[in-house]
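A short worksheet on the structure shown next.
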Amino acid sequence: MKAFEATNKFLRGAMRRMDLTDHIQDLLIQPQRCVKVKVVVELDSGDVASYMGFRTQHNNARGPFKGGLRFHPTVDEDHSNSLASLMSWKAAVADIPYGGAKGGINCNPKHLTVGELEKICRKFVEQVHDVIGPTQDIPAPDVNTGAREMAWMMDQYSKLESFSPGVVTGKPLDLFGAEGRSEATGRGVWITATEALKRKGREVDGTTFVIQGFGNVGSYAAKFIQDTGGKVICVSDVNGGIYNPEGLDIDALIAHRKKSGTVVDFPGVDQVSNEDLLLLETDVLIPAALGHVFTAENARDVKASIIVEGANGPTMPDADEIFDEREILVVPDILANAGGVICSYFEWVQNMQYFRWDLEHTRDQLDKRLKKAFDVVYDVAVKKKVSMRSAAFIVAIGRVGKATVLRGV
Ligand code: GLU
């Protein structure tokens with residue numbers, strides 16, 4: 001099943017429980033626009049290479065389009081549409097004034113130099129600058145992009161239009177970035193995991209966690225979990241996973257990864273594959289890498305009783321049904337990883353006001369918003385006897401639907 005179809009299957013499931021006509025359903029499912037561009041750059045070798053770039057603008061009933069740009073060989077129109085749709089629902093669940101967008105460039109950044117990446121960023125902005133902007137569509141980091149790429153994009157947009165720090169979020173702190181933005185998605189995963197545990201009468205302290213992915217999301221989530229007494233027994237990166245049933249020392253691991261570039265050669269651990277780690281004995285499982293890792297093939301063998309989706313789209317619809325049947329509590333991506341876009345919203349607000357918040361204020365605002373979103377979704381799930389994913393979609397579709405109707409078609 002393709003990515004957009006999978007997202008739409010979840011959406012249709014939630015929509016069936018709501019009083020929506022077929023026309024409204026289609027209106028909410030289909031993206032408003034998908035821009036596809038060819039990014040042509042001269043490589044350091046002198047060769048000329050071209051890469052396909054995408055920007056899907058899914059829905060802007062509640063505010064400007066918002067969402068990340070990823071650099072990855074899997075980027076295509078279908079993925080872009082799927083992830084853009086998830087952003088619309090994520091912004092609505094988080095109750096921030098944005099619609100949803102996503103995109104990226106089909107490339108493998110590991111094979112590109114810093115100079116080549118900069119050219120790709122600038123050329124991409126050259127091609128899409130008339131459809132993005134601080135009140136139109138605000139890109140952000142995603143897989144394989146970060147503050148550095150956002151700085152280039154902001155600079156290029158400002159050259160073409162006018163000085164516009166609010167055109168992208170996730171910028172470096174020294175260039176209109178926000179305190180707390182880089183930790184925000186991982187922090188949000190930790191907060192929503194804490195809330196999920198509370199609903200089961202438990203707490204992070206003394207609980208075991210397995211985390212797939214040790215990038216921006218996984219590493220910060222692991223750090224917050226460790227600092228509140230949780231035991232992270234396994235993490236991974238693209239090269240594989242490392243396991244220690246006694247718990248990994250996350251500070252030492254972050255320092256190690258900085259030096260060696262990977263987690264796999266960390267001393268005193270067992271090796272485990274990215275597939276096998278999903279089936280380890282643990283209380284909480286956090287997929288925080290790429291999508292589509294839970295399928296009908298492995299869903300029955302997952303041992304965790306709580307799954308917190310740090311990644312976007314890690315669960316395929318048939319796996320989700322199995323989790324539901326097995327009464328595994330799944331905190332869906334559009335809630336679990338919403339910390340990033342919530343903090344992007346804070347960054348944008350500060351950019352629009354040329355003002356700066358401190359870390360304490362940011363964390364306080366982020367925690368409050370996420371806890372409130374969790375409460376709302378959990379209550380709907382209990383009341384309607386549905387999964388948290390269905391509940392999150394019901395809340396989000398309700399909000400986007402209302403805004404759409406109020407604006408008039
Ligand atoms: N790429 C992140 C996400 O999927 C952040 C998006 C944003 O901050 O706009 O939520």
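Start at 1 and go down the list; that is how both ligands and their atoms are numbered. None of these values were measured; they are calculated from a predicted model.
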Salt bridge (charged side-chain N to carboxylate O under 4.0 Å, His left out) evaluation trace for Asp95 with Arg62
CA-CA 9 Å; Asp95 205 8; Arg62 287 173 44 88; 3.0 Å; yes
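- Note on Lys90 versus Asp333: no salt bridge recorded, every NZ/NE/NH1/NH2 to OD/OE distance being 4.0 Å or above.
- Of the residues listed (Gln365, Glu179, Glu347), the one engaging Trp357 in a side-chain contact (heavy atoms from CB on, under 4.5 Å) is Gln365, and it is the only one.
- A salt bridge does not link Asp379 to Lys383: none of the charged nitrogens lies less than 4.0 Å from a carboxylate oxygen.
- Using a cutoff of 4.0 Å between basic side-chain nitrogens and carboxylate oxygens, Asp367 and Arg187 are scored as salt-bridged.
- Near ligand 1, Lys66, Gly67, Gly68, Met87, Lys90, Lys102, Ala140, Pro141, Asp142, Arg181, Asn312, Gly340, Val341, Ser344 each place a heavy atom less than 4.0 angstrom from the ligand.
- Asn312 and Asn337 form a side-chain donor-acceptor contact under 3.5 Å, judged by distance and modelled atom types alone.
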